[in-house]
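One structure below.
Chain letters run A, B, ... following the sequence lines, proteins first and then strands; every chain starts at 1.
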Amino acid sequence: MSLALRTFSSVKDANTALQASGTRYLGGGTLVIRAANEGDVSVSSLIRVDDPGLSRIAVTGDKVRLGASVTMAAIAGHPGLAALAPAARAVGGPAIRNMATVGGNLFAPAPYGDFAAALLALDATVVTDDGEMPVETFLASRDTSRAIVTAVGFSLPGAESFRFLKVSRVKPKGVSVLSIAALLQRTADGTVTSARIALGCMADRPIRALATEKALLGCKLTPQEIAPALAAAGEGISPITDPVASAWYRAQVLPVHLGRLLLS
Amino acid sequence: MAKVPVQFTLNGSEKAEFVESGTTLLHALRDKIGDTSPKGGCHQGTCGACSVIIDGELRLSCLTLAETCNGADIKTTAGLAESGVLHPLQRAFLDAFATQCGFCTPGMIMAAKVLLDRTPNPSREDVVEALSGNICRCTGYEPIIQAVLTAARANSQNAA
Ligand SMILES: Cc1cc2nc3c(=O)[nH]c(=O)nc-3n(C[C@H](O)[C@H](O)[C@H](O)COP(=O)(O)OP(=O)(O)OC[C@H]3O[C@@H](n4cnc5c(N)ncnc54)[C@H](O)[C@@H]3O)c2cc1C
Ligand code: FES
Ligand code: FES
C-alpha cells in the first residue's frame with residue numbers, strides 16, 4: 001500500500017492541502033483505510049487534523065454541537081445525548097464505534113450512514129470553514145465537497161419526539177436493510193403537527209420521506225390514521241441492492257418497519 | 001515511499017520502528033515488531049480478528065495506521081499471560097473449548113478483555129454485544145460466550 005499521511009494542526013492548512021488530487025481526509029479510517037486495503041489506488045495521500053476541538057461534544061441547553069471527529073462510542077456514552085444513543089449504537093460493532101466518526105458517517109455510502117439519517121431527521125447543520133449548511137443540502141452535494149467538515153449542530157430532540165430504527169439481518173449487529181429516523185411534534189391529544197422522517201438505504205445516501213411527512217400531518221398515530229402515510233412511503237425512493245437485500249425487498253418492507261416505528 | 005518513525009508502548013514495553021507511511025498497525029505489529037497475535041482475517045473491519053486495545057479502547061488494527069499510534073499504549077493478546085500463567089480469559093477459552101482453529105481467538109479475547117475491564121460482572125447480553133464485531137467460523141459462539149462469563153466469575157471470585 002502506498003499512502004502518505006500528513007497531519008496538520010489547523011483545519012485551514014489541511015483544507016489547502018486537501019485540494020491536491022488523490023488526497024482525502026482521514027477520519028476514523030473505517031471506510032478510507034478499508035478501501036485502500038481493498039486495492040483502491042485512487043487515494044495516494046491522506047490528511048488529518050489533530051485539533052482537539054474536532055473531538056469536542058458541547059451540549060448547551062437544547063443546542064448540541066458535535067465535532068467532526070467525535071466517535072459513535074463517545075455519543076453513545078454521553079449522558080446528555082441519550083436521545084441519539086440508539087442511532088450511534090446502530091453503527092457497527094464496538095471497535096468500529098470507537099473509530100467511526102460523525103464526519104465520516106456523513107460521507108458513508110448506503111448501506112452505511114445510519115447516524116447521518118438521524119442527523120437528517122434532526123435537520124442538523126453541517127459546519128465547514130466556508131460556513132454552515134443544512135445537512136440535506138450537504139448530503140446532496142457531498143460528492144463534490146472538498147472542504148473538511150468541522151462539526152454538526154442541531155437542537156436536542158425531546159425524548160418523546162425522536163425515534164430511530166435500524167433493521168438488520170444479523171443480530172445483534174449487521175449492515176442495514178434500512179434505517180429510519182423520525183422527528184415528530186404532537187399536540188397533547190397526540191395529533192402530529194410536524195414530521196421529519198429520514199430513510200437510510202432508500203437511495204445511495206439518506207433521503208427524506210417527504211410524502212409520508214406530509215400525509216402524517218393532522219394524524220394521530222393509530223393504524224388507521226397512519227395508513228395513507230405508510231402507503232406514500234415508497235414515493236421518491238430508489239433503494240440500493242446489495243448482498244443483504246435487493247431494492248425490491250427493501251421497498252416492500254419499508255412501510256412495515258415505518259409502521260412499527262410510528263406505532264411503537 | 002518515505003519511512004516514518006513510530007513509537008508506542010506494546011504490552012508494557014517501548015517499541016520504536018520505521019515504517020512506510022500508510023502502513024497499518026496490523027502490518028507493523030506482525031511483520032515489523034513480530035507480535036503475530038493480532039490476525040489479519042479480512043483487512044476490511046469485518047471479522048475483528050485484528051482487534052487490539054489502544055489506550056483502553058478496542059480498535060481494529062487493520063484499519064488503523066501505525067503512525068497515528070505514536071505515544072499510544074497498545075495491548076495485544078500476546079501480552080496477557082504473566083510469567084507463563086495464562087490470563088483467566090485465555091484459561092477459560094481453553095477450558096470451554098471456545099477456541100477451535102484459534103484464528104478468531106486473540107480478537108475475541110481483546111474484545112472480552114475491554115468488556116471485563118469495565119463491566120466485571122457482565123450479563124449474557126453484555127457479552128453478546130461486546131463480541132458483536134468479531135466473527136468465529138468454528139465454535140458457533142456459545143462456548144465463547146460461556147468462556148467470557150466463566151472468566152468473569154473467576155475474576156470476581158479472585159477479587160472477593
Ligand atoms: C465492519 C464495518 C461495519 C460498519 N457498520 C456500519 C453501520 O452499521 N452503520 C454505518 O452507518 N456505518 C457503518 N460502517 C461504515 C463506517 O464505519 C461509518 O460510516 C463511519 O462513521 C465512517 O466514519 P470514519 O471516520 O471511519 O470515516 P473515514 O473512513 O475516515 O472517512 C470516510 C470518508 O469521509 C471523508 N471524511 C471523513 N471525515 C471527514 C471530515 N471531517 N470532513 C471531510 N471529509 C471527511 C473521508 O475523506 C472519506 O472519504 C461500517 C464499517 C465497517 C468497516
Ligand atoms: S482483519 Fe481487521 S477486522 Fe478483519
Ligand atoms: S475458533 Fe476458528 S474462527 Fe473461531
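In this structure, CG in A:L26 is found 7.0 Å from OG1 in B:T68, a value given to the nearest 0.5 Å. Within the model, atoms OG1 of A:T7 and CD of B:E67 stand 7.0 Å from one another, a figure rounded to the nearest 0.5 Å.
With respect to A:K171 and B:E125, no salt bridge is recorded, no charged nitrogen being found less than 4.0 Å from a carboxylate O.
Checked by atom type and distance alone, the side chain of A:N98 pairs as donor or acceptor with a backbone atom of B:L58 at under 3.5 Å. Side-chain atoms of A:N37 never come within 3.5 Å of backbone atoms of B:Q44 as a donor-acceptor pair (strictly under, hydrogens ignored).
Side-chain atoms of A:R34 and B:T46, non-hydrogen and from C-beta on, do get closer than 4.5 Å to each other. At least one side-chain heavy atom of B:L65 sits less than 4.5 Å from a side-chain heavy atom of A:I33.
Residue contact with chain B, scored on non-hydrogen atoms closer than 4.5 Å, involves the side chain of A:R97 exclusively. The part of A:R48 that comes within reach of chain B is its side chain, from C-beta onward, which places non-hydrogen atoms under 4.5 angstrom from that chain. Only the side chain of A:L46 has a heavy atom closer than 4.5 Å to any heavy atom of chain B.
Note on A:G28, A:G174, A:G93, A:P94: by heavy-atom pairs under 4.5 Å with chain B, the leading option is A:P94.
A:K173 NZ: more than 12 foreign heavy atoms inside a 6.0 Å radius. Counting non-hydrogen atoms of other residues, nucleotides and ligands closer than 6.0 Å to CD of B:E82 gives a total of 12 or fewer. The neighbour count for A:Q19 CD, taken as heavy atoms of other residues, nucleotides or ligands under 6.0 Å away, is above 12. Within a 6.0 Å sphere centred on CZ of A:R146, heavy atoms belonging to other residues, nucleotides or ligands number more than 12.
In plain terms, the two heavy atoms of A:I96 and B:G45 that are nearest each other are CD1-O, 4.1 Å.
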